[in-house]
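The next block holds one structure in the form of structure tokens; read it before the comments.
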2 protein chains.
Amino acid sequence: MRFSRQRELVADIVSGRKDHPTADAIYLSAREIEPNISLGTVYRNLKLLADEGRLVTLETSDKKIHYDGDLSIHSHFICEDCGKIIDLFESAHSHELLENMGLSVSSEKCFYYGKCSDCKR
Amino acid sequence: MRFSRQRELVADIVSGRKDHPTADAIYLSAREIEPNISLGTVYRNLKLLADEGRLVTLETSDKKIHYDGDLSIHSHFICEDCGKIIDLFESAHSHELLENMGLSVSSEKCFYYGKCSDCKR
DNA sequence: AAAATAAATAGTAATGATTACTATTATTAT
DNA sequence: ATAATAATAGTAATCATTACTATTTATTTT
């Protein structure tokens with residue numbers, strides 16, 4: 001896999017952010033540095049980077065894929081009111097149980113839903 | 001919320017199945033009993049039932065929403081090869097940790113990825 | 001270094017799951 | 001029974017994502 005200016009840029013944007021941007025948000029950021037980059041290029045590279053395991057996709061109920069450049073095992077809390085996604089770096093589920101069931105686990109995605117402290121008030 | 005024949009049917013199909021069907025699969029099942037039911041009605045009712053908490057939506061990477069009528073807290077294992085979704089009725093994460101962070105948890109969705117025993121071989 | 005080969009891009013068109021819309025039908029209330 | 005309300009069927013619109021194509025950029029070969 002070659003790393004063109006555009007691909008590098010997309011990868012850098014995702015791993016440089018602590019939120020969980022959508023393709024469109026990444027596209028907007030990218031255009032500030034590479035004004036001619038096309039949306040298709042952003043999508044293509046996001047998909048390639050995800051396939052390579054260089055970023056993680058979060059499929060939420062808003063129908064848009066969110067991208068996470070933080071590859072450490074962690075979960076996410078999604079606020080039902082404001083939609084904010086909060087990282088949860090608690091200890092992960094034990095995978096042993098699943099291995100004992102004949103399932104080999106390569107990754108996990110856990111989402112918790114509720115109200116964040118702002119919206120709870 | 002009135003329970004029309006169609007709404008009842010959609011609800012029954014989802015809660016009667018142990019797989020995790022998409023809207024289209026539910027539509028096909030529904031048409032066997034109610035041949036004139038429209039796809040829009042299926043979608044509308046699935047959304048309403050989900051809002052009411054009578055079923056759970058699973059947003060997977062195949063871009064189609066899967067519906068789960070089993071409301072007990074459980075996780076899912078998704079096979080990276082065949083896409084099969086397997087229920088995991090292990091004990092859930094403890095929510096106390098999150099409550100202590102000021103997050104009130106109303107539900108959770110956890111996905112584990114890997115290869116199922118069939119595909120592993 | 002020029003020619004040949006391969007990969008990546010920009011820009012646009014197509015896809016497809018989901019939602020919105022509208023006229024009609026069914027249900028409930030007065 | 002009539003009026004008011006909700007739900008439906010069927011179709012059109014939406015919109016995130018993908019596919020496509022001609023062109024550009026990078027790599028390899030001679």
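For A/Thr22, there are no side-chain hydrogen bond (donor to acceptor under 3.5 Å, both in side chains) partners at least two apart in sequence or on another chain. Every residue two or more places apart in sequence or in another chain that forms a salt bridge (charged side-chain N to carboxylate O under 4.0 Å, His left out) with B/Lys84 is listed here: B/Asp118. Judged as a side-chain hydrogen bond (donor to acceptor under 3.5 Å, both in side chains), and not counting sequence neighbours, the contacts of A/Asp19 are A/Arg17. Partners of A/Glu34 under the salt bridge (charged side-chain N to carboxylate O under 4.0 Å, His left out) rule, at least two apart in sequence or in another chain, are A/Arg5. Applying the side-chain hydrogen bond (donor to acceptor under 3.5 Å, both in side chains) criterion to A/Lys64, with sequence neighbours excluded, gives no partner residue. For B/Gln6, there are no side-chain hydrogen bond (donor to acceptor under 3.5 Å, both in side chains) partners at least two apart in sequence or on another chain.
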Review point. Just by protein heavy atoms under 4.0 Å, how would nucleotides 22-30 of chain C read 5' to 3' in B, S and -?
Key: -----BS--
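Residue pairs that meet the ring-ring contact (aromatic ring centres under 6.0 Å, His included) test with at least one member in residues 7-32 of chain A, sequence neighbours left out, are A/His20-A/His76.
Set against C/dT9, D/dT17, D/dA9, the side chain of A/Arg44 has C/dT9 as its closest nucleotide.
Nearest heavy-atom pair, A/Val56 versus A/Leu71, reported as atom, atom and distance to 0.1 Å: CG2-CD2, 4.0 Å.
Within residues 7-22 of chain A, no residue approaches DNA chain D, by heavy-atom distance under 4.0 Å. If you check residues 29-41 of chain B against DNA chain D, the residues with a heavy atom closer than 4.0 Å are B/Asn36, B/Ile37, B/Ser38, B/Thr41, listed by number. Within residues 45-71 of chain B, the residues approached by DNA chain D to less than 4.0 Å at the level of any non-hydrogen atom are B/Asn45, B/Lys63, in residue-number order.
For the helix from C/dA1-D/dT30 to C/dT30-D/dA1, the end axes, each set by the C1' atoms of five terminal pairs, are bent relative to each other by 30° (nearest 10°).
With no hydrogens or angles considered, no side-chain donor-acceptor pair links A/Arg7 and A/Ser4 at under 3.5 Å.
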